[in-house]
Amino acid sequence: MLVLVAPGQGAQTPGFLTPWLDLPGVRGALEAWSDAVELDLIRYGTEGDAEEIRDTAVAQPLLVAAGLTSAYTLFDDPAELPRKVGAVAGHSVGELTTAALAGVLPDEAAVRLVRVRGLAMAEATAATATGMSALLGGDPAVTIPHLEKLGLTPANVNGAGQVVAAGTLEELAALEADKPEGVRRVVALKVAGAFHTHHMAPAVDTLARAAAELSPADPKLTYVSNKDGQAVDAGSEVLARLVGQVANPVRWDLCMETFKELGVTALLEVCPGGTLTGLAKRALPGVKTLALKTPDDLDAARELIAEHASA
């Protein structure tokens, strides 16, 4: 059984879209989505520097567009995807990518919604100076209570022992000075604010209004949610969770537990892949993994699909 996963914010790097533009259909799709959201996705994905593409309002639609185009290049016909992929899951904004891949939202609707999401979250970050930091080492059973004592939120519980803390810059500075037992380092992430915390509450309201105009369909394959790692089979529930997740922690650890229960044998991460395959290598022993970074990875990815496609 194959699971297709999509990374979240921070996975983007300058110029990462450049090699994909030579593939049939990619430039046209990106141009259409750029027009739809009034954002030059091609320029940002090929010429934007690290600071430009760190901007939440840019990074989020850029990641969703990249994930969708790279996923569709794997198949001669996009209709093959739900027949060959057993499950999908995305990390944070990657859930918008997989909602489209699962047929819950049309591609353009997903890109439009993520543009609203990015702008709303960027606006929320302007209210208070906040950020996120990854903790290297330690036991989540010890780490999480320590974070809460400092007023921080365990915004990402990623499995394989990895926890990401989020809160004000003062709270993160206190964490640097008072690390939980067993934590070797605290690494500040290149994101603009404390995502998946109460600091994002204003963005939830904005996203809810935009989502109310959509008509989601039920997923065509198993959709695994960040909220609790559960498979969700109603499109309306998927959409409701997409709205709420901007202010709720990402439980990727529970998503990977569900992959085990589903009997997943291979995990394929869409562009810009690498982060989620790294977690899977540590948390899902025996599961084959592959990250789509450039078109050079496509042949190996198609072989993985052929070997592990769902019956």
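Predicted model only: the values in this text are computed from it and were never measured.
- Taking the salt bridge (Lys or Arg N to Asp or Glu O under 4.0 Å) definition, one finds that E80 meets it with K84, sequence neighbours left out.
- Applying the side chain to side chain contact (heavy atoms under 4.5 Å, CB included) test to K293 and every residue at least two apart in sequence or in another chain returns A291, D297.
- The side chain to side chain donor-acceptor pair (under 3.5 Å) analysis of residues 192-205, with sequence neighbours excluded, yields the pairs S92-H196.
- In terms of the ring pair (Phe, Tyr, Trp, His ring centres under 6.0 Å) criterion, residue partners of H91 (sequence neighbours excluded) are, by chain and number, W252.
- Shown here are the ring pair (Phe, Tyr, Trp, His ring centres under 6.0 Å) partners of Y223, two or more places apart in sequence or in another chain: there are none.
- A donor atom on one side chain and an acceptor atom on the other are not found under 3.5 Å apart for Y44 and D55.
- Remark: the backbone N or O of D49 is paired with a side-chain donor or acceptor of E52 at under 3.5 angstrom.
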Would you list the atom pairs, donor with acceptor, under 3.5 Å between side chains in residues 274-287 and any protein atom, with sequence neighbours excluded?
residue	atom	partner	partner atom	Å
T277	OG1	E269	OE1	3.3
T277	OG1	G274	O	3.0
R282	NH1	G278	O	3.3

Would you give me the side-chain donor-acceptor pairs under 3.5 Å for residues 112-121, sequence neighbours excluded?
residue	atom	partner	partner atom	Å
R112	NE	E108	OE2	3.1
R112	NH1	A36	O	3.1
R112	NH2	E108	OE2	3.0
R115	NE	V37	O	3.4
R115	NH1	A57	O	3.0
R117	NH1	Q60	OE1	2.8
R117	NH2	Q245	OE1	2.5

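- Side-chain atoms of S133 never come within 3.5 Å of backbone atoms of A165 as a donor-acceptor pair (strictly under, hydrogens ignored).
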Only distances under 3.5 Å count here; give the side-chain donor-acceptor pairs of residues 168-177 to other protein atoms, sequence neighbours excluded, each with its distance to 0.1 Å.
residue	atom	partner	partner atom	Å
T168	OG1	E171	N	3.1
T168	OG1	E171	OE1	3.3
E171	OE1	T168	N	2.9

Would you be so kind as to tabulate the donor-acceptor pairs closer than 3.5 Å made by side chains of residues 137-154, with sequence neighbours excluded?
residue	atom	partner	partner atom	Å
D139	OD1	A141	N	2.9
T143	OG1	D139	O	3.1
H146	NE2	D178	O	2.7

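- Partners of A231 by side chain to side chain contact (heavy atoms under 4.5 Å, CB included), not counting sequence neighbours, listed by chain and number: T222.
- Contacts of D253 classified as salt bridge (Lys or Arg N to Asp or Glu O under 4.0 Å), with partners at least two apart in sequence or in another chain: R251.
- Partners of V204 under the side chain to side chain contact (heavy atoms under 4.5 Å, CB included) rule, at least two apart in sequence or in another chain, are V243, V246, A247.
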